[in-house]
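Lettering of chains follows the sequences in order, A, B, ..., and the numbering in each one begins at 1.
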Amino acid sequence: MGKHQLITSVNCNAQNIPIKFKGLPVLEILEHWADTGRWWAGEAEKSFYRIRCSNESIHEIYWEPEQKSWYLYKTYD
Amino acid sequence: MSFVHLHCHSPYSFLDGASSIDVLVKKAAEMDMPALAITDHNNLCAVVQFDRVARAAGIKPIQGVEITLESGHHLTLLAKGPTGYTSLCHLLSRAHLGHPRGEPQAGEADLDSLQDLFILSGCRKGLITSMILERRYSEVVQKAMAYRDLMGRESFFIELQNPLQPGSHYINHRLCQLADQLQLQTVASNNVHYNEKEDFILHDLLCCVRTLTSVEAIHPERPVNGESYLKSPREMKDLFIGCPNAFENTLRIAAQCQPVLSKQTYHFPRYPLLPGQDAGTVLRKKCWDGARKRYSRISEAIASRLEHELQIIIQMGFADYFLVVWDLVQYAQKEGIRCAGRGSAADSLVAYCLNITEVDSLKRGLLFERFLNPERLGMPDIDIDFESRYRDQVIQYVYQKYGSDHVARVATYNTFRARSAIRELGKALGFAESELNPLCKSMPFYAYADHIRGLMAKLPELKNSPLHDPRYRLLLDCCERLAGFPRFLGMHLGGLVISDIPIRDLSPLQESALGPVISQFDKEDIEELGLIKLDLLPLRTLSVIQDTSRGIEQSGQPFAYEEIPMDDQETYAMINRGETIGVFQLESPAQRALQTRFNAAEFEDVVASMALIRPGPIKGNMVEPYVERRHGREEVSYMHPLLEPILKKTYGVVLFQEQVIEIARAIAGFSSGEADQFRRIMTHSRSQKAMHELGDSFIKRSVQRGIEQATAEKIFACMVGYASYGFCEAHAAAFANTSYKTAYLVQHYPAEYYTAILNNQPMGFYPPRIIGNEARRRGIELLPPDVCSSNADFMVEGDKQIRVGLKQLKGMSATALTSLILAREQKQFGSVLDLVIRCNIPLDILENLLRCGAMDGLCSNRRYSLSQLSYYLEKKRTHQNGEALLFDGEAANTDNFNAIKDFTEFEKREWEYQLLGLYTGEHPMQSFRPVFNRKGFYSSKDLAKLAANNRQVKIAGLLLYPHRPPTRSGRITVFFSLEDEFGMIDITMFENVYMKYGSYIFGPQSGPLMVIGRLQRRGEGVSVVAESVKFLNFVGR
């Protein structure tokens, strides 16, 4: 997977599920999926979330466990 | 909180299940799940194993399948009980047999006849889900209604899965809407493909193997994550938090499903009888008729034994079965097809009187109870060997007689081993084939996939294997996890099921790769299903016997195989010299070595030989003590006087399984049924606990009968030592009969016998090269193939010559052969050009005929003829277009004849070996003999004359049959032979030498070897214990 934008402003609950994105409350988790990627090259499984924020914007973000960081995968215009 | 996984794949989903049934069931039981369903792709192969393992673990086995529909979509079906199971068998049989092999599909119409099943709407590849993904909402409602109407509302469930894939949320939302709309029930599943999350890796690799991709390639079949594991009830509940009914419905469905296999129901074949006849009466009559033919006088003992057996056979309901087998043998004999019963059936006098076996069980004192026991409800197992080339004709007869619905071939599960695991997983991991090939070849062919690392540490030729490189770590890890998984369904060599009910009521049927229809179960599973199996095995030795008999008759000598004298001293002398290459079951190096010191004098010695050269006795170091006792060099003693009559014929050693039964009866007073059960546990059980219990029972019962406890314990310990590899005496006797008779043929009719062996390749222990050598050693000349006089097959010429057949030529086709023989029949060939013009033989075969010397009679310069072939073919083309030949023969280019130098003798020999697989002229070692003599090498002939034991010798030859049989100590001993122009030298290599020189024997490089070692003389034979090995650098083969 290529480089995506690092996002530092994601707040999560105890289960590491996003509840705020760039300061905006996450109203709904529209979809959640896991992707193991290139496991044979040592990549760890990533957790993806498609979220709907309070301003009705929709984004796909993922948690990179090795970096312990969130990245923006896609934003729906 | 409880939950049942109703959609679960085992390794029998063939490359789509990455955890064993044992592991899946164990985890389900640990999680307190009351049941588990196995739903493999388009087969029920796991049924018997799953039933057994699940019951043992205390959970209910639910049998199901994930069927592929004609549209390519999947549907999950679960059997509620035996009727549902039969319904699944019918559906699967139609899906397989109605479509090309490997592409089973169930038609929508096939679903109409389903009964007693739950239908779950399926995974993401299910039709309902696919329609949702394709936004075909109105159609999906229609389809769901159709399934609902098919099985009823209470038996059709909308299957919800949450594999954490993109779209899962949407799909489940829509599926729930659909269920609400039609008032259908939902059920949660996880489409399990492995046990733990980390098993995903193996599953992904198996998907790559299945889809012929590697990990770096994208393929829609490959999983995106590791969520298809056997999740806990808590994990499943969390996934379906919004659908509590779907979670709980798994338990409701499980509660309504019952195990489908009913024990103790047997489905015997029915022999067609006339109205008013019953099988028992007919069998009794045929047995008595047979007895009167077998014996000149029916003694009381014969009559009593025969009636005893008949009573048990009839009482146990096996009369039809025996008649079926009798009928088969009758058919074969009528057709002139040689056959011979083997195995424990030879314990039966009934089988002997019915001509099923050739062993007189009464005369040998064999126990009928070893074959069939009224106290043990089990199948009788009759194995019959048939002449290999006609075996299929016999099978065809069975199909015709009992109907194709009632007959099927038995399956085998071909499993991953070291070589296949490295190759297939290695490719999936992206290693190049050129890199994997030598790695695979370096593994012993028998190695298990989970023994690779152990072998790498143990075997010297693997000590420096590239597999030690860390980059292969993942590959080796995965190989270990894959060990024993089924790779594909094959066809058992001879297993045939015959049943009174249609086979497809109990087993799905499918086409095998070879064509015949097979059951989806192997022979063990077949028996557990209550189906009756016959083993009709192809045996090339019987074809050899038949061919030899015909050859002898054609030579004008009176001969009847059945009347071969069983006391021919020349034959025993030959056996005792170890000159048994080509003799059935007596030709291996170990057998030949045994015979040279065994000094067989009668048939019983041959019977004992059959049982002695087995992994068990060899591993248990019992061969030497047996030989020593036989020669009176070791005292024969019995632990109790009651053992003497049982063990006398084997010098006080427990050699046969029948002896274990007799000891249990004589010492512990077991009934025949108990004694046979005792034997079965002893020979099959690997459990220490079971052996302890068995010992306690034996010792207790013995003491009750007045045997001293210490003696009873000693006897039991002795039986434990031997019985794990005890051999069935009846089987040994059946094989020994053929062994002795083939030895007789070798001794008295070597030309006919070796001709027959060469015509029935591949068979036996040795390649044609060795058979040819052995024939030559016996004074028979091997003549090269000749287009003017060779037949398709090898043939005897004169008294002591064998002419190589043209079929032996590499690449020879039936068309070319027919063309050549037809042309020759019209007019003998006058030249190579004449042959080329009058035959339709492709260039490559013409070249091979020239190179191997088959046209030497037409032109003495092979290289010249080769150079002319294109010209001849051009002449042929113009001739066919009407142009007349202006000359006869090869006159056009005779100027070149002398200019082109022919192949050297060495080159000719090389071509001969490459194209024929044998040498007709000089053996490759022969031309180096002067060098060998100068350098102090001994030939195999010289060694035989050397008397001094333990003398150091230097020998040379071609490597033959290296092997490492198991030993009791676990240390490696290698046995191999070196072949020279006079015969073979057997060599033993112990572990310390093997560690230094093993790579010469098992490594990738090959060539003639030089061995320095110590001469060992035992009995009539000599062998060498190797001290060092290396390649002969001055000899090119």
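No donor-acceptor pair under 3.5 Å is formed between the side chain of B/Gln165 and the backbone N or O of A/Trp33. Between the side chain of A/Glu31 and the backbone N or O of B/His169, at least one donor-acceptor pair lies under 3.5 Å.
For B/Phe485, the CZ atom is densely surrounded, since the number of other residues' heavy atoms within 6.0 Å is greater than 12. Heavy atoms of other residues, nucleotides or ligands lying less than 6.0 angstrom from CZ of B/Arg136 number more than 12.
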Note to self: Please determine whether side-chain contact (heavy atoms from CB on, under 4.5 Å) holds for the pair A/Glu45 and B/Lys197, giving the CA-CA distance in whole Å, both sets of side-chain angles, and the decisive distance to 0.1 Å.
What the structure shows: CA-CA 11 Å; A/Glu45 186 173 273; B/Lys197 191 172 175 73; 3.0 Å; yes
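Within the 4.5 Å cutoff, side-chain heavy atoms of B/Glu216 are placed close to those of A/Trp40.
In terms of heavy-atom pairs under 4.5 Å with chain A, the best-connected choice from B/Gly167, B/Pro223, B/Pro163 is B/Gly167. When B/Val215, B/Val224, B/Leu205, B/Leu474 are compared by the number of non-hydrogen pairs under 4.5 Å with chain A, B/Val215 comes out ahead.
Proximity to chain A (any heavy atom under 4.5 Å) is shown, for B/Asn162, by neither the backbone nor the side chain.
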